[in-house]
Colleague: 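Next up is a structure, given as structure tokens.
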Amino acid sequence: MTAKPALQLRDFIRNIPDFPKPGINFKDISPLLANGDAFSECTSELSVHMPNNIDAIVGIESRGFLFGAALAQLTGIGFIPIRKPGKLPAETHAIEYELEYGTDILEIHRDALSQGHRVVIVDDLLATGGTAAATIKLIEQLGAEVAACLFVIELDFLAGKEKLGDTPTVSLLHYAD
Ligand code: AMP
């Protein structure tokens, strides 16, 4: 049995009710980022779930950049950003996906990945799963394979995991409400 770390990541997640709009209980990761030991513990816990033979870590804008880049540094694997439209300077490949109201677009550099690459997607939080599902599709459209999705937080009551199909998914913290 592995000993539990003295530091509990959950203690560094702050609930902000009704942000950014009424009814949303926002999980604020700022206290975790602000504490060196907590941020480092979080990166280390994510690294435990890294599959073998990964070519790149893909982070989703914007909080996915923080954890994805830290994990890339720790594991010595390169980092690829997935960005909101109009932010990436070179030729991009885009995907449009459904939101609760309307649609959104995510982009990746077309030359960032190619056939046969194995990647891990990192984001701060899995809610409805729409963002991660679109990211999986975007990566697969470039011929690459998603070996795993890693999240710091998962809102279990939104069942986002169901949208991710067979892709192995790990979240460090689970919230029931
Ligand atoms: P979804 O596509 O619904 O899974 O939403 C995931 C994205 O929205 C993540 O990149 C999160 O950063 C953000 N997000 C959604 N719900 C919350 C929440 N309650 N607290 C913090 N971030 C959230």
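Atoms within a ligand are numbered from 1 in the order they appear, just like the ligands themselves.
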Colleague: What distance separates Ile29 CD1 from Phe39 CZ, expressed to the nearest 0.5 Å?
Modeller: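 Interatomic distance, Ile29 CD1 to Phe39 CZ, rounded to 0.5 Å: 7.5 Å.
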Colleague: Can you tell me the protein heavy atom closest to atom 20 (N) of ligand 1 and the distance?
Modeller: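 The closest one turns out to be Lys27 N, 2.9 Å.
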Colleague: Closest heavy-atom contact between Ile108 and Pro81?
Modeller: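 That closest heavy-atom pairing would be CG1-O, 4.4 Å.
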Colleague: Counting only N and O atoms by type, is there a donor-acceptor contact under 3.5 Å from the side chain of Arg110 to the main-chain atoms of Leu142?
Modeller: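 No.
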Colleague: Regarding Glu145 and Arg118, does a basic nitrogen lie under 4.0 Å from an acidic carboxylate oxygen?
Modeller: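 Arg118 and Glu145: salt-bridged.
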Colleague: Heavy atoms only: give me the nearest Cys149-Thr167 pair and the separation to one decimal.
Modeller: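 Answer, listing the atom of Cys149 first, then Thr167: SG-CG2, 3.9 Å.
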Colleague: Return the residue, atom name and 0.1 Å-rounded distance of the protein heavy atom closest to atom 4 (O) of ligand 1.
Modeller: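 Here the closest protein heavy atom is Gly129 N, 2.8 Å.
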Colleague: Among all protein non-hydrogen atoms, which one is nearest to atom 10 (O) of ligand 1, and what is the separation to 0.1 Å?
Modeller: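 Nearest neighbour among protein heavy atoms for atom 10 (O) of ligand 1, to 0.1 Å: Asp123 OD2, 2.8 Å.
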Colleague: Provide the number and element of each atom of ligand 1 under 4.0 Å from a heavy atom of Gly130.
Modeller: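 The list of qualifying atoms is 2 (O), 4 (O).
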Colleague: Could you tell me which atoms of ligand 1, counted from 1 in the order shown, lie closer than 4.0 angstrom to a heavy atom of Asn25?
Modeller: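 Atoms satisfying the 4.0 Å criterion: 19 (N).
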Colleague: Which of the numbered atoms in ligand 1 are under 4.0 angstrom from any heavy atom belonging to Leu155?
Modeller: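 Counting atoms of ligand 1 from 1, those under 4.0 Å from Leu155 are 19 (N).
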Colleague: Among protein heavy atoms, which lies nearest atom 23 (C) of ligand 1, and at what distance?
Modeller: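 Looking at atom 23 (C) of ligand 1, the protein heavy atom closest to it is Leu125 CD2, 3.6 Å.
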Colleague: Starting from atom 22 (N) of ligand 1, find the nearest protein heavy-atom neighbour and note its residue, name and distance.
Modeller: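 Protein heavy atom at minimum distance: Arg63 NH2, 3.4 Å.
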Colleague: Is it the case that Arg83 places NZ or CZ above or below the six-membered ring of Phe65, under 6.0 angstrom from the centre and within 45 degrees of the axis?
Modeller: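 Here Arg83 fails the 6.0 Å and 45° test against Phe65.
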Colleague: Does an N or O anywhere in Ala127 fall below 3.5 Å from an N or O of ligand 1?
Modeller: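 N/O-N/O distance under 3.5 Å: yes.
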Colleague: Quick one: nearest non-hydrogen protein atom to atom 11 (C) of ligand 1, plus distance?
Modeller: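 Checking every protein heavy atom, the shortest distance to atom 11 (C) of ligand 1 gives Asp124 OD1, 3.5 Å.
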Colleague: Answer with side chain, backbone, both or neither: which part of Thr128 has a heavy atom less than 4.0 angstrom from an atom of ligand 1?
Modeller: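 Contact part for Thr128 vs ligand 1: both backbone and side chain.
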Colleague: Measure from the ring center of Tyr175 to the ring center of Phe157 and say whether it is less than 6.0 Å.
Modeller: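 Not under 6.0 Å, so no.
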Colleague: Closest non-hydrogen protein atom to atom 7 (C) of ligand 1, residue and atom name please, with distance?
Modeller: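 Atom 7 (C) of ligand 1 sits closest to the protein heavy atom Thr131 OG1, 4.1 Å.
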